[in-house]
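Below is one structure, written out as structure tokens; comments come after it.
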Amino acid sequence: MSYPIVNSIISWFLKKRKHQMELFLKYPIDVQEELLYNLLEKAQDTEIGKKYQFSSMASYDEFTKNVPIQQYESIEPLIERTRKGEQNVFWPTPIKWFAKSSGTTNSKSKFIPVSEEALEDCHFKAGKDMLGLYFNNNTNAQLFTGKGLRLGGSSAVYEDNNSYFGDLSAIIIENLPFWADYSSAPKLETALMEEWESKMKAIADETIDEDITSLVGVPSWMLVLLNYVLERTGKTNILEVWPNLEVYFHGGVNFNPYREQFKKLIPKSDFKYFETYNASEGFFAIQDVNNSLDLLLMLDYGIFYEFIPMDKFDGENSIAIPLSEVKLNTNYAMVITTNGGLWRYLIGDTVKFMSLDPFRIRITGRTKHFINVFGEELIIENAETALKQACLKTGAEVSEFTVAPIFMVDEKSGGHEWLIEFRTAPENLNYFTELLDNALKAINSDYEAKRYNNMALAMPIINCGRKGLFYDWLKLNGKLGGQHKVPRLSNSRKHLEELLELAEAH
């Protein structure tokens with residue numbers, strides 16, 4: 001069968017899903033309520049279901065009254081029991097897959113349970129919807145006349161106690177339906193390679209002569225790959241390698257810092273960028289309109305949503321509201337109950353609703369200070385712990401600090417730039433930097449992966465601030481006082497640049 005015929009058949013099937021989506025677009029609250037009751041009924045005989053008496057719950061109010069909001073640390077013991085072979089703990093069907101993601105305060109990595117239902121009814125369904133929405137917006141799309149280049153995570157899948165763990169992307173690639181694998185490049189063995197330099201070479205070797213029509217992956221890593229392809233081919237832009245390339249499906253980190261670099265690499269005026277919002281815990285939203293910054297919240301993936309207004313946020317003690325009560329342009333922390341056995345789970349992301357009919361959102365950040373420009377998910381606990389370790393080994397003392405990203409320029413790696421006001425400075429700043437970097441690698445597995453051979457993140461740069469610099473900055477901005485704090489981590493360079501400018505002006 002020729003690719004044009006395959007393209008026509010598959011696009012027809014994918015477009016049909018648009019009609020099924022009309023149900024949750026027209027009746028979003030009803031769909032969500034029914035979904036919650038289905039989840040409760042299905043899990044009523046699990047350990048969690050019996051503990052919280054799911055079988056007797058007849059309303060959302062009863063659900064919120066009896067089931068507490070929880071973060072990873074609270075449910076980690078249950079997850080560890082399941083990883084060791086116990087079943088029917090928080091979900092009735094066997095769970096053998098666990099998506100490994102970056103660390104919490106107390107552990108280097110999280111292991112998120114991935115049920116068969118989560119794979120089929122959430123992640124795979126979302127993948128088909130992503131394509132369906134794209135075809136619905138672009139009736140002349142020719143994706144399946146060629147292949148989609150998939151760039152997964154850095155970890156292969158490992159077996160432990162008869163359960164399997166790895167990056168979510170690796171788990172999805174392992175379980176892809178045949179038609180998706182058939183239309184993708186590189187081949188399965190290459191996509192799951194762990195050693196990144198060998199993986200990049202293998203992907204380039206396999207795809208340079210293919211007709212690549214779409215790209216899928218995290219922007220920071222995709223930039224590394226595309227620049228490597230240009231280096232290997234001697235071409236000046238990606239369209240000289242893949243002339244039929246038409247869309248890049250991206251997610252995972254803020255795309256804005258990368259947009260201009262992609263435009264240089266892919267100089268095509270009608271080239272499309274489609275954003276998705278997915279995580280180890282589930283697939284939540286998809287861009288459903290060309291050239292939009294808003295994402296359609298997908299309400300029939302086996303995920304029940306609640307939201308905590310950030311001005312009232314108090315961690316696990318917060319009071320959440322259902323989808324029916326959200327308002328526009330308010331920052332909310334997102335709470336999810338899923339078909340993977342997460343119950344009122346505080347995922348740590350914050351969103352803002354840009355539309356209530358249908359429900360469209362934008363990702364606004366995290367509930368904690370963080371940097372996630374390159375997929376490193378560096379949180380404040382990571383930074384403070386690493387600093388403490390470096391200080392203990394050098395006798396240094398830190399008064400204040402802030403960290404901001406160094407954005408990638410052309411083919412060069414990005415990085416983190418620190419500005420530290422030392423109370424007692426280390427004798428050797430280079431040694432201190434090395435200690436700090438090594439501590440961050442040990443604490444945060446995602447940071448460690450991005451630092452591998454300087455491919456996405458280079459060695460941190462540390463600037464030493466003069467005594468009183470941060471105090472002067474707070475005073476200049478009218479923020480002196482106990483309630484005001486120096487921003488520790490930021491995805492923007494705004495605060496860092498202001499501090500560096502103030503340091504030079506003194």
Side-chain angles (χ1 to χ4, degrees), residues 21-72 74-75 78 89-93 113 115 117-118 121-122 125 277 279 281-285 295-328 330-353 355-361 367:
M21 288 167 55
E22 292 297 327
L23 182 63
F24 80 70
L25 290 172
K26 289 182 179 178
Y27 308 105
I29 307 307
D30 293 336
V31 167
Q32 277 279 283
E33 286 184 357
E34 183 179 356
L35 190 154
L36 174 61
Y37 297 141
N38 287 339
L39 291 173
L40 291 169
E41 181 181 6
K42 184 155 189 175
Q44 64 183 0
D45 293 325
T46 63
E47 183 177 318
I48 287 290
K50 291 176 181 178
K51 177 180 179 180
Y52 295 120
Q53 300 179 322
F54 285 179
S55 61
S56 65
M57 285 186 185
S59 68
Y60 169 71
D61 287 343
E62 286 184 40
F63 176 63
T64 59
K65 181 179 178 180
N66 290 285
V67 182
I69 292 173
Q70 299 174 94
Q71 300 182 83
Y72 186 79
S74 299
I75 63 173
L78 297 179
V89 177
F90 42 76
W91 190 248
T93 60
S115 66
E117 292 90 342
D121 300 332
C122 183
K125 189 175 182 179
Y277 175 22
E281 294 85 354
F283 207 121
F284 309 124
L295 308 180
L296 180 67
L297 191 64
M298 307 303 286
L299 303 178
D300 63 351
Y301 286 175
I303 300 173
F304 179 77
Y305 295 98
E306 298 176 84
F307 302 90
I308 303 168
M310 281 304 292
D311 60 356
K312 299 177 182 177
F313 184 79
D314 187 23
E316 293 181 346
N317 298 315
S318 303
I319 297 175
I321 60 173
L323 186 64
S324 59
E325 296 180 20
V326 300
K327 299 178 181 178
L328 292 175
T330 300
N331 213 23
Y332 293 105
M334 197 159 75
V335 177
I336 57 174
T337 293
T338 77
N339 54 7
L342 298 176
W343 300 96
R344 305 200 78 202
Y345 181 78
L346 186 59
I347 191 172
D349 290 340
T350 59
V351 300
K352 181 185 295 183
F353 283 88
S355 166
L356 301 182
D357 184 20
F359 287 98
R360 289 197 181 98
I361 62 171
T367 55

Has [X] got a side-chain atom pairing as donor or acceptor with [Y]'s backbone, closer than 3.5 angstrom?
X	Y	result
T330	L328	yes
K42	T93	no
W91	T338	no
R344	T64	yes

Check the orientation of Y305 and F307. Use parallel for under 30°, tilted for 30 to 60°, and perpendicular for over 60°. parallel
Look at the aromatic rings of Y332 and F353 and report parallel, tilted or perpendicular, splitting at 30° and 60°. perpendicular
So do [Y] and [X] actually touch side chain to side chain, heavy atoms under 4.5 Å?
X	Y	answer
I48	L78	yes
V351	L295	no
L25	L296	yes
D300	L23	no
M334	Y277	yes
T337	V67	no

CD (Q53) with more than 12 external heavy atoms under 6.0 Å: no
Check whether more than 12 heavy atoms from other residues, nucleotides or ligands sit under 6.0 Å from atom CD of E34, and answer yes or no. no
Rounded to the nearest 0.5 Å, how far apart are [atom1] of [X] and [atom2] of [Y]?
X	Y	atom1	atom2	value
I361	K352	CD1	NZ	12.5 Å
I69	N317	CD1	CG	8.5 Å
N66	D61	CG	CG	10.5 Å
F24	F359	CZ	CZ	11.5 Å
L36	I303	CG	CD1	13.0 Å
K125	E117	NZ	CD	12.5 Å

So which atom in [X] and which in [Y] form the shortest heavy-atom distance, rounded to 0.1 Å?
X	Y	answer
M21	M298	CE-CE, 3.8 Å
S355	P358	OG-O, 2.6 Å
G49	T46	N-OG1, 2.9 Å
G340	S115	CA-OG, 3.6 Å

Could you tell me whether the side chains of Y60 and Q32 share a donor-acceptor contact shorter than 3.5 Å?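 No, because no side-chain N or O of Y60 sits under 3.5 Å from a partner of the opposite role on Q32.
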Check step by step if side-chain contact (heavy atoms from CB on, under 4.5 Å) holds for N339 and L35. CA-CA 10 Å; N339 54 7; L35 190 154; over 6 Å; no
W343: which of Y52, F304, F54, F90 passes ring pair (Phe, Tyr, Trp, His ring centres under 6.0 Å): F54
Under the side-chain contact (heavy atoms from CB on, under 4.5 Å) rule, what do L323 and L299 come out as? Steps first, then yes or no, please. CA-CA 10 Å; L323 186 64; L299 303 178; 3.9 Å; yes
